[in-house]
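Quick notes on the structure that follows.
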Amino acid sequence: MLLTLFGKKKEIKRGGSKGEKIAFFGGKGGVGKTTCSASYAVALARRGHKTLLVSTDPAHSVGDLLEVKAGSDPVGAAENLWVREIDPAQASRRYLEEVKGNLKGLAAPGLWQEVERQMDFAADSPGADEAALFDDMVSIILSAESEYDRIVFDTAPTGHTLRLLSLPELMGVWVEGMLARREKTRELHRMLHNVAGVSEDPKDRVHELLERRKNRFASARERLLNPDVTSFHFVLNPERLSILESAKAMDLLKKYGVPVGGVIVNRVLPDEADGAFLARRKEREKVYLEEIGKRFADLPKIRIPLQPEDIRGLSGVAAVAERLEAEGFGSL
Ligand SMILES: Nc1ncnc2c1ncn2[C@@H]1O[C@H](COP(=O)(O)OP(=O)(O)OP(=O)(O)O)[C@@H](O)[C@H]1O
Ligand SMILES: [Mg+2]
């Protein structure tokens, strides 16, 4: 609640529009998510916003694109721009060890075996890597908020990201389950203590720890689902599969209540492209552009032309950044 109030106050002070604090860029594999999210982050930084660009893609390329050695700690890429890359496997290992350590440190030695069992079970369960990735994302969302004006997430291809965004729900259930089990154990201990005539420790730190985790997820979830704070932008190409995948993803995001911001139609054939082959492609493209117009009718859309070369380095993304800025994309 406090976080929300704090965030809202900040938003109002900055006089911003919808979803200006946290921006996600998603879409099908290879459509230009990294290019567009990096360009957006560069445009924000150039406007004087202290910006953090985070990659949650296991196949990181934000660092490659901006030609900086990015890692789990933020690295400066330009004035007002920092870059971080989350490594899901590393996050997963660290997360489980941390939780295990915490729980073991707090639980009575008699329960350690149960803690080990629970955590190994959690490590093997589907989505454990994503849970860890999400935990890192939650940390970034909650801690970077006070340090940065804007946070831009470059995400992995659609399905992976959607699972990630649905995780607060799942994690909530998981923590609830742990809490319920913990209650039962406590009950048992209370009974044993009563029978043995020993008073119990009134402070249950494990319970506290789990509650804290639950509250952290709840805060992050609140931020993610608040249209005044978060926007999920789609990057797509004027091609059949890219449109279909984004349309499906959009339905899911709506179902989860994640606010959708805008659509970047990337790699549109430029007007000056000529020749019989390109003329045919342009005909096809026209149909897809119309379809995009219809399917995403209620969202702001901008077009980025296909460039003659791959986009590389800060100078490479500058052209796309200028375009995003000129069109007032997102909160620019
Ligand atoms: N408008 C464009 N014109 C020319 N090349 C582009 C354009 N947009 C992106 N590219 C190039 O296409 C390739 C893929 O782009 P990018 O890495 O941004 O996609 P992605 O969606 O992040 O991919 P992945 O799903 O693998 O993470 C890169 O080589 C990039 O330079
Ligand atoms: Mg990418």
Side-chain angles (χ1 to χ4, degrees), residues 23-44 52-71 77 81 83-89 129-130 133 137 151-165 232-250 253 261-273 278 281-282 284-285 288-289 292 301-327 329-330:
F24 285 89
F25 284 77
K28 191 178 176 297
V31 291
K33 298 177 291 300
T34 300
T35 306
C36 291
S37 55
S39 303
Y40 184 64
V42 164
L44 288 170
L52 178 66
L53 173 62
V54 188
S55 170
T56 61
D57 187 344
H60 300 299
S61 48
V62 162
D64 293 343
L65 173 63
L66 295 180
E67 293 167 332
V68 289
K69 215 170 155 23
L81 179 64
V83 179
R84 265 185 85 157
E85 289 186 344
I86 304 176
D87 175 349
D129 270 14
E130 278 137 321
L133 191 57
M137 254 173 67
I151 309 168
V152 179
F153 283 99
D154 169 31
T155 73
T158 328
H160 188 267
T161 305
L162 290 179
R163 279 202 304 280
L164 206 62
L165 289 174
F232 192 101
H233 302 296
F234 279 104
V235 182
L236 46 88
N237 296 156
E239 285 162 8
R240 190 171 157 266
L241 291 180
S242 162
I243 298 171
L244 286 180
E245 191 169 316
S246 291
K248 263 195 230 157
M250 194 169 69
L253 286 183
V263 173
I264 298 181
V265 189
N266 187 30
R267 286 214 188 89
V268 178
L269 290 172
D271 290 340
E272 62 270 24
L278 284 174
R281 283 227 54 113
K282 265 196 193 168
R284 235 13 271 148
E285 191 185 80
Y288 290 132
L289 288 173
I292 291 169
K301 289 170 279 297
I302 70 158
R303 293 180 185 180
I304 306 285
L306 177 70
Q307 313 285 320
E309 284 169 24
D310 279 359
I311 297 162
R312 274 192 67 189
L314 271 175
S315 54
V317 296
V320 182
E322 269 162 31
R323 179 103 184 182
L324 295 176
E325 208 169 347
E327 303 259 354
F329 186 79

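Side chains included, hydrogens not; waters and symmetry mates left out as well; all remaining heavy atoms used. In each ligand, atom 1 is the first atom listed, and ligand 1 is the first ligand listed.
At under 3.5 Å, a nitrogen or oxygen of I311, whether backbone or side chain, sits near a nitrogen or oxygen of ligand 1. Backbone and side-chain nitrogen or oxygen atoms of Q307 are examined, and one is located within less than 3.5 angstrom of a nitrogen or oxygen of ligand 1. Residue T34 has at least one N or O atom closer than 3.5 Å to an N or O atom of ligand 1. Residue-to-ligand polar distances keep D154 apart from ligand 1: every N/O pair is separated by 3.5 Å or more. Below 3.5 Å of separation, one finds no N or O of I304 facing any N or O of ligand 1.
Within the 2.8 Å limit, T34 places at least one N, O or S atom next to the Mg ion (ligand 2).
Rounding to the nearest 0.5 Å places CD of E239 at 6.0 Å from CZ of R281. Here the CG atom belonging to L278 is positioned 6.0 Å from the CG atom belonging to L269, to the nearest 0.5 angstrom.
Ring geometry for F329 against Y40 counts as perpendicular: the plane angle is over 60°, on a 0 to 90° scale with 30° as the lower cut.
Comparing R303, K33, R267 against atom 20 (P) of ligand 1, the shortest heavy-atom distance belongs to K33. Checking V320, N266, D310 against atom 1 (N) of ligand 1, the nearest heavy atom belongs to N266.
In terms of modelled atom types and a separation under 3.5 Å, the side chain of Q307 and the main chain of P305 share a donor-acceptor contact. The main-chain N or O of T34 is found under 3.5 Å from a side-chain atom of S37 such that the two form a donor-acceptor pair.
Ligand 1 lies out of reach of R312, whose nearest heavy atom is not under 4.0 Å from it. At least one heavy atom of P305 lies less than 4.0 angstrom from ligand 1.
For the side chain to side chain contact (heavy atoms under 4.5 Å, CB included) with I292, the qualifying choice from N237, V268, V265 is V265, the only one to do so.
Short contacts between ligand 1 and G29, defined as distances under 4.0 Å to a heavy atom of the residue, involve ligand atoms 25 (O). Atoms of ligand 1 lying under 4.0 Å from at least one heavy atom of T35, given by number and element, are 9 (C), 15 (O), 16 (P), 18 (O), 30 (C). Applying the 4.0 Å criterion to heavy atoms of G30 picks out, from ligand 1, the atoms 14 (C), 19 (O), 20 (P), 21 (O), 23 (O), 24 (P), 25 (O), 26 (O). Close contacts of ligand 1 with E309, meaning ligand atoms under 4.0 Å from a residue heavy atom, involve 4 (C), 5 (N).
Shown here for L241 and K28, the closest heavy-atom pair between the two residues is CB-CE, 3.7 Å. Taking every heavy atom of both residues into account, R267 and V31 meet most closely at NH1-O, 3.8 Å.
With a 4.5 Å cut-off on side-chain heavy atoms, V62 and E85 count as touching.
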